[in-house]
Amino acid sequence: MFSRSRRARKLPDDGPRNGWYETLPPPPPARRVEGTVKADFAVIGAGTCGCAVARRLAELRPDDTVVLVEATRVGYGTSGRNAGFMLDHHSHGGMKHFEAASKNDRLFTAGTNYLRELVQQHQIQCDWSDWGRIYVAAETSSEGALKGVAEGFDKLGVPWRQVDNDGLEEITGTRFYLRGVRAEGSALVQPAAMMRGLASTLPINVTLYEESPVIELVTRGGFRLVCPEGTIEAKQVILANHVFAEELGFLKHRIVPLASFASLTRPLTDTEMGQVGSEGEFGLLPANANGSTVRLTLDGRILMRNTLHYARSKRFPPELMAEVADNHRQSITRRWPGLADVEFVGTWGGILGFTRNEGTVFGAIGAGLWALMSADAAPMTKGAIGGKLLAEHICGVDSELLEVMLSLPKAAILPPDPILRFVVNREIDKTAASGPGER
Ligand SMILES: Cc1cc2nc3c(=O)[nH]c(=O)nc-3n(C[C@H](O)[C@H](O)[C@H](O)COP(=O)(O)OP(=O)(O)OC[C@H]3O[C@@H](n4cnc5c(N)ncnc54)[C@H](O)[C@@H]3O)c2cc1C
């Protein structure tokens, strides 16, 4: 019988502290894979994709057993360490591939609605707020990019309105921004809390194992997933381990691993809150890719996200983290000089997957073997709906939305390093030069 074994070359490490996660109470001890665990389905990776696929499989196959296996803790990985924008639409200007953009847009909207429903149904405490977001430009050189955002929304039929410098000052307390494009509909969340809530409300036929990295995947009739203290035997496997799929030998040369970084402050004092506008909350996305994603959270913290880094190593060395923390400190100081010294509860990095063609990873990659990854823009919402749709695809439940997902182009092949590294670093440098004052 055909047999193949793949050992993971690299696993997620617990790297720099995820500030969102740090603000939550410690979770109960992890249930780890010990001895031999048998299941109908094993899902590798408990991010937005993995949690959604496990949930839906369990709903559709109530008599089957589903194992969700996570290397670290739920909420600690990228799905719990992002900026917390649950985007129902996303416009990044231009929209060269409009047909694909409009299909993606349907998926983003469905994903937002799906997550909203789950959060409401299970009363997940994650500071979910339908505040929307404002795309902002701080320099005249970025006004073209902002115009592109507005044109993209027009093409998609998404209503938006312009916010000027005074309006932005009213909302954010700073005159740093020249202009913005405000769109309603998307949500802001505490992402680590949302992920923890999603994982703790899975159907009873899902068993979650954490601190159990899959270090080897053996295919022989069924599948054997080897973890440090035990083994899972499963009839079918779903890879939802994002950029780490390539470390297990799958989806090679399809995904560009790009790190971005965030810092979260302690809650501002009442006096400090006087410096950050009148709405008690905001979410800003940069029109220029070199800019910063900035939030004032419902519990009064500033989140600052910027800086891009080619992350093939999937590691964040201390000197890089020191540089990032310094960037974030300067970004806060430029906007709110009076908040220059507010302490960070965490500065961390996370890896996003980008494709060459805004393509998808979705579907069968072998007999009984499936893969799903949330890449490019609006990934949390697309990942959630993608997980639900993949489970439906596996169980033969058709829908118009599934057809939309299946009709998207697959992630195109990429050149290997060092070519890819050179091209990506050149793009990062170009982006930095196009909006030096945006950060
Ligand atoms: C700083 C930052 C800000 C971002 N902001 C936003 C935002 O505001 N909105 C948005 O939509 N997106 C945002 N993103 C992107 C988004 O977070 C990711 O695209 C999304 O989380 C990917 O989800 P996923 O389920 O595919 O992967 P992940 O969340 O990475 O989940 C995969 C899981 O698999 C686990 N794993 C890996 N290997 C193994 C193994 N061998 N065995 C077991 N488990 C394994 C990992 O530990 C991980 O938990 C941001 C990303 C970053 C880094």
Side-chain angles (χ1 to χ4, degrees), residues 20 78 81-95 101 104-105 108-109 111-112 129-139 141-154 156 158-165 167-168 171-172 174 176-191 258 260-264 276-277 279 281-298 301-308 327-328 331-332 334-335 350 352 354 358 374-382 431-432 434-435 437-439:
W20 293 116
T78 312
R81 57 175 57 208
N82 53 58
F85 287 73
M86 299 300 118
L87 295 170
D88 62 340
H89 303 283
H90 186 52
S91 167
H92 46 84
M95 299 256 169
N104 271 312
D105 203 58
F108 301 161
T109 307
T112 307
S129 150
D130 289 310
W131 192 86
R133 73 291 195 196
I134 308 180
Y135 293 79
V136 284
E139 297 186 299
S141 59
S142 297
E143 293 211 53
L146 191 63
K147 197 160 158 256
V149 170
E151 284 168 4
F153 278 146
D154 284 341
L156 293 168
V158 176
W160 59 273
R161 64 197 148 93
Q162 191 154 169
V163 193
D164 64 11
N165 182 245
L168 284 163
I171 295 166
T172 64
T174 171
F176 182 81
Y177 298 107
L178 290 180
R179 213 178 298 284
V181 162
R182 184 166 189 172
E184 315 292 339
S186 68
L188 298 170
V189 303
Q190 208 287 27
L258 209 58
S260 193
F261 303 85
S263 291
L264 189 69
V276 289
E279 297 203 4
E281 183 189 21
F282 55 76
L284 311 177
L285 290 168
N288 183 311
N290 191 48
S292 304
T293 301
V294 189
R295 283 183 57 189
L296 174 64
T297 64
L298 277 176
R301 301 169 190 271
I302 300 283
L303 173 94
M304 183 61 67
R305 183 220 55 87
N306 60 42
T307 312
L308 296 171
N327 288 346
H328 292 165
S331 300
I332 289 184
R334 276 197 287 274
R335 287 157 178 82
L352 300 96
F354 279 85
E358 295 191 30
S374 182
D376 303 313
M380 288 295 287
T381 53
K382 190 174 168 190
T431 305
S434 73
E438 288 288 340
R439 214 192 250 171

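Residue indices begin at 1 and follow the sequence shown.
With no hydrogens or angles considered, no side-chain donor-acceptor pair links Thr174 and Arg335 at under 3.5 Å.
A donor-acceptor pair under 3.5 Å links the side-chain atoms of Ser260 to the main chain of Thr307, judged by distance alone. The backbone N or O of Arg439 sits less than 3.5 Å from a side-chain atom of Ser331, completing a donor-acceptor pair. No side-chain donor-acceptor contact under 3.5 Å links Glu143 to the backbone of Ala137. Judged purely by atom type and a 3.5 angstrom limit, Thr293 has no side-chain atom pairing as donor or acceptor with the backbone of Leu285. Side chain of Ser142 to main chain of Ala138: no donor-acceptor pair is present (N/O by atom type, distance under 3.5 Å, no hydrogens or angles). Put simply, the side chain of Gln162 never gets that close to the backbone of Arg179: no donor and acceptor are under 3.5 Å apart.
Taking CG of Asn327 as the reference point, atom CD1 of Ile332 lies at 11.5 Å (rounded to 0.5 Å). Of the inter-residue distances, the one linking Leu178 atom CG with Glu139 atom CD reads 8.5 Å to the nearest 0.5 angstrom.
A heavy-atom distance below 4.5 Å is not found between the side chains of Phe176 and Val136. For the pair His90/Phe85, no side-chain contact is recorded, criterion being any heavy-atom separation below 4.5 Å from C-beta on. Side-chain atoms of Phe282 and Ile134, non-hydrogen and from C-beta on, never get closer than 4.5 Å to each other.
Residues passing the side chain to side chain donor-acceptor pair (under 3.5 Å) test with Thr112, sequence neighbours excluded: none. Not counting sequence neighbours, Asp88 has no partner by the side chain to side chain donor-acceptor pair (under 3.5 Å) test. Contacts of Tyr177 classified as ring-ring contact (aromatic ring centres under 6.0 Å, His included), with partners at least two apart in sequence or in another chain: none.
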Practice task
Would you please test Glu184 and Arg161 for salt bridge (Lys or Arg N to Asp or Glu O under 4.0 Å) and show each step?
Solution key: CA-CA 9 Å; Glu184 315 292 339; Arg161 64 197 148 93; 2.8 Å; yes

Practice task
Evaluate side chain to side chain donor-acceptor pair (under 3.5 Å) for Trp160 paired with Asp154, printing each intermediate quantity in order.
Solution key: CA-CA 8 Å; Trp160 59 273; Asp154 284 341; 2.9 Å; yes

Practice task
Start with the C-alpha gap between Arg295 and Arg133, add the side-chain angles, then the distance that decides, and say whether side chain to side chain contact (heavy atoms under 4.5 Å, CB included) holds.
Solution key: CA-CA 10 Å; Arg295 283 183 57 189; Arg133 73 291 195 196; over 6 Å; no

Exercise for the section: Please assess Lys382 against Phe108 for the test side chain to side chain contact (heavy atoms under 4.5 Å, CB included), listing each intermediate value before the final yes or no. Expected result: CA-CA 5 Å; Lys382 190 174 168 190; Phe108 301 161; 3.7 Å; yes

Practice task
Could you please spell out the steps behind the side chain to side chain donor-acceptor pair (under 3.5 Å) verdict for Ser434 and Asn288?
Solution key: CA-CA 8 Å; Ser434 73; Asn288 183 311; 3.3 Å; yes

Problem - Full working for side chain to side chain contact (heavy atoms under 4.5 Å, CB included) between Ile302 and Leu296 - result: CA-CA 5 Å; Ile302 300 283; Leu296 174 64; 4.2 Å; yes

Problem - Stepwise salt bridge (Lys or Arg N to Asp or Glu O under 4.0 Å) check, Lys147 with Glu151 - result: CA-CA 6 Å; Lys147 197 160 158 256; Glu151 284 168 4; 3.6 Å; yes

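Here the closest non-hydrogen pair linking Arg305 and Gly291 is NH2-O, 3.6 Å. Closest approach of Tyr135 and Leu146 over heavy atoms only: O-CD1, 3.4 Å. Taking both residues in full, the closest heavy atoms of Arg182 and Ile171 are given as NH1-CD1, 3.7 Å, listed atom of the first, atom of the second, then distance. In terms of heavy-atom proximity, Leu303 sits nearest to Ala262 at CD1-CB, 4.0 Å. In terms of heavy-atom proximity, Leu308 sits nearest to Ala289 at CD1-O, 4.4 Å. Shortest non-hydrogen contact noted between Asn82 and Trp20 is O-NE1, 2.7 Å.
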